[in-house]
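Computed from a predicted model, the values in this text were never measured in an experiment.
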Amino acid sequence: MDERIENAGLVELLGKIREDNSEKNMIALLKEAASSRFIVPVDGSEGNYSFHAVSDKNGLKYMVVYSDTDSFEVAFQDKYKDQKGVAAGFGDLIEVVMTDKMGLSGFVINPGVEEVLFGKDMVKLIAQQMGIGGDGTVKVGEPDKYPPELHEALTDYLKIEPSVKRIWVRLMRENGTDRISWLIIADTDLEGEQLKYMLDNMRKYALPYLDNMDAYCASSKEEFASKVIGGVKPFCGEA
């Protein structure tokens, strides 16, 4: 790749996220990333490229991407002149993860430095908002029936997770596709890393009781979540 990619605003936000991954900074990062181009290191030849990936301690694989040419050159040091790279937009990165041909769990920007990770659940939600794989909208509503053991399971979860007061469960369908998943919304005061950790644990806890369907978990303080539970009785917890 001959062109140089410079994303000064994106690089600045990546540094901020490293120090403070607040919702405000994350939203700013997403807006900047949506209009940015990235460098994806590849091996092979055009039409038959293979991407670089890193694995976490759980064996999950994340595609490696770089925010700009400087980051790419630093990562490969003296070898960068021989390392192939392709330019890709944010939507391209999301589409690669969504096709799932490599078994990817997301992508990571600038691994080992700022290292901001976009997991598959977040990628799916961004894909819906950007219209990748559908028309960019979702329909959320009351299911005809809930999985038989889900209410008891989430009631038990409330007992072991005191930070969550109430839980709502809705059914979410991406318009223009056949994708249906559960939307689980928690009433909690947690923020930042603590919130992410709790939501991830809640999803893992609920998955065995969801009739082999996937789930997206969110805080009731998120704008889209607060809208879909307006006037809706909690699935479990105090009314």
Side-chain angles (χ1 to χ4, degrees), residues 1 3-41 51-54 56 60-75 85-99 104-134 136-138 174 183 185-186 188-200 203 216-227:
M1 196 180 77
E3 68 172 305
R4 292 192 67 85
I5 291 180
E6 298 181 1
N7 291 314
L10 178 66
V11 172
E12 181 181 353
L13 285 167
L14 287 170
K16 284 185 178 180
I17 289 289
R18 186 72 169 174
E19 301 297 326
D20 175 17
N21 62 348
S22 64
E23 183 178 354
K24 178 182 177 181
N25 284 344
M26 198 64 190
I27 290 173
L29 175 66
L30 286 172
K31 288 181 178 178
E32 188 73 25
S35 59
S36 298
R37 300 177 75 220
F38 298 81
I39 300 177
V40 182
F51 302 105
H52 289 203
V54 293
D56 65 10
L60 300 177
K61 292 194 302 182
Y62 297 89
M63 181 172 66
V64 171
V65 304
Y66 292 95
S67 59
D68 59 354
T69 301
D70 287 344
S71 299
F72 179 76
E73 291 178 353
V74 168
V86 295
F90 197 60
D92 298 323
L93 304 180
I94 291 173
E95 194 162 5
V96 169
V97 174
M98 292 292 290
T99 57
L104 294 168
S105 295
F107 61 89
V108 57
I109 303 175
N110 296 352
V113 188
E114 290 86 4
E115 196 164 307
V116 175
L117 187 147
F118 286 83
K120 201 158 193 177
D121 286 340
M122 181 182 290
V123 168
K124 285 180 179 178
L125 185 61
I126 296 170
Q128 291 165 357
Q129 294 173 342
M130 293 181 70
I132 298 172
T137 62
V138 295
E174 182 182 352
L183 174 61
I185 300 172
T188 177
D189 292 325
L190 294 180
E191 296 179 346
E193 283 298 323
Q194 288 183 322
L195 174 62
K196 291 180 181 179
Y197 181 78
M198 184 279 292
L199 293 176
D200 185 54
R203 176 179 175 274
Y216 175 76
C217 296
S219 164
S220 61
K221 292 181 174 56
E222 293 185 37
E223 184 178 359
F224 87 96
S226 64
K227 289 180 180 179

What heavy-atom pair brings [X] and [Y] nearest, and what distance separates the two atoms?
{"X": "Ala225", "Y": "Ser220", "answer": "CB-CA, 4.3 Å"}
{"X": "Ile39", "Y": "Pro41", "answer": "O-CD, 3.7 Å"}
{"X": "Tyr66", "Y": "Val64", "answer": "CE1-CG1, 3.5 Å"}
{"X": "Tyr62", "Y": "Gly119", "answer": "CE2-CA, 4.4 Å"}

So [Y] and [X], do their side chains get closer than 4.5 Å, heavy atoms only?
{"X": "Val116", "Y": "Asn110", "result": "no"}
{"X": "Lys120", "Y": "Leu104", "result": "no"}
{"X": "Leu93", "Y": "Met63", "result": "yes"}
{"X": "Ser219", "Y": "Leu190", "result": "no"}
{"X": "Asn21", "Y": "Lys196", "result": "yes"}

Quick check for you: to the nearest 0.5 Å, what is the distance between [X] atom [atom1] and [Y] atom [atom2]?
{"X": "Cys217", "Y": "Asp121", "atom1": "SG", "atom2": "CG", "result": "7.5 Å"}
{"X": "Asp200", "Y": "Glu193", "atom1": "CG", "atom2": "CD", "result": "11.0 Å"}
{"X": "Glu32", "Y": "Leu30", "atom1": "CD", "atom2": "CG", "result": "11.0 Å"}
{"X": "Glu114", "Y": "Leu29", "atom1": "CD", "atom2": "CG", "result": "10.5 Å"}
{"X": "Met198", "Y": "Glu191", "atom1": "CE", "atom2": "CD", "result": "11.5 Å"}

(Q) For Ile5, is there any backbone N or O sitting under 3.5 Å from a side-chain donor or acceptor partner on Thr69? (A) yes

If you look only at distance, which donor and acceptor atoms sit under 3.5 Å apart when one is on a side chain in residues 6-14 and the other is two or more places apart or in another chain?
from	atom 1	to	atom 2	distance (Å)
Asn7	ND2	Arg37	O	2.8
Asn7	ND2	Ser67	O	2.6

**Q.** With sequence neighbours excluded, residues passing ring-ring contact (aromatic ring centres under 6.0 Å, His included) with Phe107
**A.** Phe90, Phe118

Q | Within 6.0 angstrom of Lys16 NZ, more than 12 heavy atoms from elsewhere | A | no

(Q) Counting only heavy atoms not in Glu115 (residues, nucleotides, ligands), do more than 12 fall under 6.0 Å from its CD? (A) yes

Q.
Could you work out, with salt bridge (charged side-chain N to carboxylate O under 4.0 Å, His left out) as the rule, every residue matching Asp70, not counting sequence neighbours?
A. Arg4

